[in-house]
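A short worksheet on the structure shown next.
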Protein chains: 2
Amino acid sequence: MSSDVHRQGEAADGTVKPRVRRADPSGAAASPETGALVPPARSPVEPTDEASRAAVTAPGAPARPQTVTLKDVARAVGISQSAVSMALADSSRISPATKDAVRAAVKSLGYVPNSAGRALRAGRAASIAVVVPNTGQHMFGHPYFMHLLVGVTAAANAHDVALMISTNPDETHGVAAYERVLRSRAASGAIVASASINDTNVNRMVDAALPVVLIGRYPQLPHAVSVGVDEVAGAMAITLHLVQQHGLRRIAHISGPLDHQPAIDRYEGFTRALAESGQPCTHTLAVGDFSEESGRAAARQVLDTMSDVQAIFAANDEMAYGALLELRSRGLRVPEDIALAGYDDFGISRLVTPGLTTVHVPAEALGQRAAALLFDLVEGTTPVRTHTVLPAEIVVRDSCGTHPA
Amino acid sequence: MSSDVHRQGEAADGTVKPRVRRADPSGAAASPETGALVPPARSPVEPTDEASRAAVTAPGAPARPQTVTLKDVARAVGISQSAVSMALADSSRISPATKDAVRAAVKSLGYVPNSAGRALRAGRAASIAVVVPNTGQHMFGHPYFMHLLVGVTAAANAHDVALMISTNPDETHGVAAYERVLRSRAASGAIVASASINDTNVNRMVDAALPVVLIGRYPQLPHAVSVGVDEVAGAMAITLHLVQQHGLRRIAHISGPLDHQPAIDRYEGFTRALAESGQPCTHTLAVGDFSEESGRAAARQVLDTMSDVQAIFAANDEMAYGALLELRSRGLRVPEDIALAGYDDFGISRLVTPGLTTVHVPAEALGQRAAALLFDLVEGTTPVRTHTVLPAEIVVRDSCGTHPA
DNA sequence: CCTTCGTGCTCAAACGTTAGAGCAGTCGAC
DNA sequence: GTCGACTGCTCTAACGTTTGAGCACGAAGG
């Protein structure tokens, strides 16, 4: 049985010699798990166009796998296939006895309706798509999407609908990947989880006149159906927590790229909270790109330019972690010397020492709501409101200081 | 514009009052991000059966969204639709001039082939599925799947094939979710990422005579095509590292559930390494379930029963983290008092302090290889080998002790 | 001049499904 | 006794695609 097993990297004598990789002990940005993937010995699948693929398949094409269709059920029961179809649709025009017979035959033959036939007839597929445009895998691999997917999956399962996911291989294929899914009617609607507010793809999708639900806030697309989180409120809450609960006054914000709506909203929440706190606060801003390394760089900038910083609020946990590394390397203690807060709450914040105070993004709930809205759209029920905003919730851990009182 | 915005949890006066949740400062198992999701104000989508949904859609059913089909292109060019089809397939029977005209018309009309029509005609859909059977979301939400998905997505994109994901809503729906995807021909093949070796669903899938690639090692299914990682070698390598590089002799293993192939393999690698190390080692075993809490419990058991433990090797990073918490709470230092190692390398191991020495699981590469194999199967090319095994690679960080020169 | 061949298309059928029209038989009402 | 309505089905068309068969035409070969 082991004779047909092929071990890559196996030495000639049959012993397995695992490669050892030594991690950067500084724990900095050269993160092993996001590093280049182990290159497969076999070259990656090369793109094949429809024509040549068909040519390859044609010669030795095995008999199409035998499927049981309506016709088979009809033959078994001794009625027409339309009658079977109607029976399965529980039509009142079919006698109970016939329905029973049909159900029995369906079960014994193992009939499952062919989705292509159904989709063709119905004009739409029984599936929805989650599209993540404009993404290298750096975006798609994020835990955020995993949680989103869990939510969408749950809703799709409940609705008895299949789920397709569609990402863009690269910028040049930009449009293709997701537009085709919709235009080809492979999915009857889509949930779009994008990023940049300048993403023209998003506008395209919305214009496509197909059911689309956006995740996030899209002020420039007032008529698009969207579901988001109240990011401004979340950022306000955590900033106010720093100011009011911990009495901090000199606070830096490390924002994400400011063509990114969440980055804008979190920054706005930050400034608004300072303005409304009633306290004389000083603040500064450093812009990152949501990556750990950019957070570290931003922290460096903050520490070098603002004297006596008391707290840093980063627009996501990854940058907060980067900042933590910078603080650590300068011998600054968190939270004793500087308080730290993040945003997202997808694992990092809990695992890091000290645990990061952060704002929880309910990605799973977002996914579930988005799917529910999409189903309304697909079924022609116009949703009552176009924009749904879920509440933010802050999670207090240790990085912002010991709990007063 | 903000008038149609509905804020959940918004107070009557319009101010947003975010809820504050206080995290368990012990940092133990009550992990916020895996906790119950924020319950949506609106009740979750209730299951709707096919019949009643159709009834809802029927009355006000809007005109089916206008799509441009082959017929439209044919009309525009002034030829038959078969000619258009042949032109697009680059048939030699069509003149270059006509092909050009067709391509121009396709472009100007924005024709995209309807996937249902194509799938119906071809007998199979241009999509593959990733199925995760036997799963509460506890399994599906794991970073492992995210990485797997990234790999599969890349391959699917390169092959110009859509990707469906299919999970089981719950145990009762067990079969339905994935079996339907395949039996209904919604996908032309599937990648199965399962867990338990007793999972009868996996056998069912394999028996279904549809292209299926399993992820992991399935010794009991020798004829199924699978792609896995050499878990035994990985566990051996890390164990030998502890024994040979760090001179540790009293080592405990915290395994996963032993009806789970990776758990079995990692345990086997552990014992085999000890046997082959040439050193007189003492070891013990505690069984967990791959959860952080079970890791903590197992560590408790180990520390209470085995005297003078020098190292703990946990079968995954989550349990290693649980063990770390237990050690920390007993005032034991890692690695000074006890060395620690994990397995998986999906983020936790890098973020925790001290960084965990672990074995890297190349989930993305697994996904990519699995997809490549699946495409071979779907296209009728029988792959040369049924089992592919990727090499393991250990990642040395700080939890196993300082690097001996 | 007739046949053969090649070219460049058209025609028709088929994939599996659903739904509207139609139809044979029964039954109740007038 | 005739009419209409109802019951319980069958027939047929249609969704959009691909493909094998067929056909009209011109050129080449006998």
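Below, chains carry the letters A, B, ... as their sequence lines are ordered, and counting in each starts from 1. Basis for what follows: all heavy atoms, side chains included, without hydrogens, waters or symmetry-related copies.
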| Could you give the CG-to-P distance, from B/Leu70 to D/dC15, as a whole number of Å? | 13 Å
| What's the CE-C1' distance between A/Met86 and D/dC11, to the nearest Å? | 12 Å
| request: Applying side chain to side chain contact (heavy atoms under 4.5 Å, CB included), name anything that partners A/Ala105, two or more places apart in sequence or on another chain. | output: A/Val73, A/Ala76, A/Val77
| Residues forming a side chain to side chain donor-acceptor pair (under 3.5 Å) with B/Ser115, sequence neighbours excluded | none
| Which heavy-atom pair separates B/Val212 from B/Leu377 by the least distance, and what is that distance? | O-CD2, 3.6 Å
| task | Calculate the interatomic distance between A/Leu88 atom CG and D/dG8 atom C1'; express it in whole Å. | result | 16 Å
| field | Exercise: identify the closest heavy-atom pair between A/Ala155 and A/Phe375 | value | O-CE1, 3.7 Å
| query | Among the nucleotides D/dC15, D/dC9, C/dT18, which one has an atom lying closest to any side-chain atom of A/Arg121? | reply | C/dT18
N/O-N/O pairs, protein side and nucleotides 24-26 of chain D side, under 3.5 Å:
none

| request: Using only heavy-atom distances, determine whether the side chains of A/Thr69 and A/Asn114 contain a donor-acceptor pair under 3.5 Å. | output: no
| query | Between the main-chain N or O of B/Ala125 and the side-chain N or O of B/Ser188, is there a donor-acceptor pair closer than 3.5 Å? | reply | yes
| said: Run the side chain to side chain contact (heavy atoms under 4.5 Å, CB included) test against B/Ser108 and tell me which residues pass, sequence neighbours left out. | reply: none
| request: Please list residues of residues 72-82 of chain B whose heavy atoms come under 4.0 Å from any atom in DNA chain D, ordered by number; otherwise none. | output: B/Gln81, B/Ser82
| said: Rounded to whole Å, please give me the gap between CZ in A/Arg118 and C1' in D/dG16. | reply: 18 Å
| When you measure from every atom of DNA chain C, which of residues 95-103 of chain A have a heavy atom less than 4.0 Å away? | none
| task | Map A/Ser85 and A/Lys71 onto DNA chain C by nearest heavy atom, then report which one ends up closer to the 5' terminus. | result | A/Lys71
| field | Shortest non-hydrogen contact between B/Tyr111 and A/Arg183, atoms and distance | value | N-NH2, 4.5 Å
| field | Integer-rounded Å distance: D/dG16 P and B/Asn114 CG | value | 7 Å
| field | Partner set under side chain to side chain contact (heavy atoms under 4.5 Å, CB included) for A/Arg75, not counting sequence neighbours | value | A/Asp72
| Starting at CZ of B/Arg185 and ending at C1' of C/dT17, how long is that distance when rounded to a whole Å? | 15 Å
| Test item: B/His387 side-chain N/O and B/Tyr218 main-chain N/O as donor-acceptor pair under 3.5 Å | no
| How close or far is atom P of C/dT18 from atom CZ of A/Arg124, stated in whole angstroms? | 13 Å
| said: Restricting to side chain to side chain donor-acceptor pair (under 3.5 Å), what partner residues turn up for B/Ser127, sequence neighbours left out? | reply: none
| task | Could you tell me whether the side chain of A/Thr386 and the main chain of A/Ala224 form a donor-acceptor pair under 3.5 Å? | result | no
| task | For A/Ser92 and for B/Ala116, locate the closest nucleotide of DNA chain D by heavy-atom distance; then report the residue assigned to the nucleotide nearer the 5' terminus. | result | A/Ser92
| With sequence neighbours excluded, residues passing side chain to side chain donor-acceptor pair (under 3.5 Å) with B/Arg93 | none
| task | Could you tell me the separation between the CG atom of B/Leu120 and the P atom of D/dT19, rounded to a whole number of Å? | result | 13 Å
| Proximity to the side chain of B/Arg93 - top-ranked nucleotide from D/dT17, C/dC9, D/dC9 | C/dC9
| task | Mind grabbing the angle between the end helix axes of the helix from C/dC1-D/dG30 to C/dC30-D/dG1? Five pairs an end, 10° rounding. | result | 70°
| With A/Thr98, which residues qualify under side chain to side chain contact (heavy atoms under 4.5 Å, CB included), at least two apart? | A/Ile79, A/Ile94, A/Ser95, A/Val102
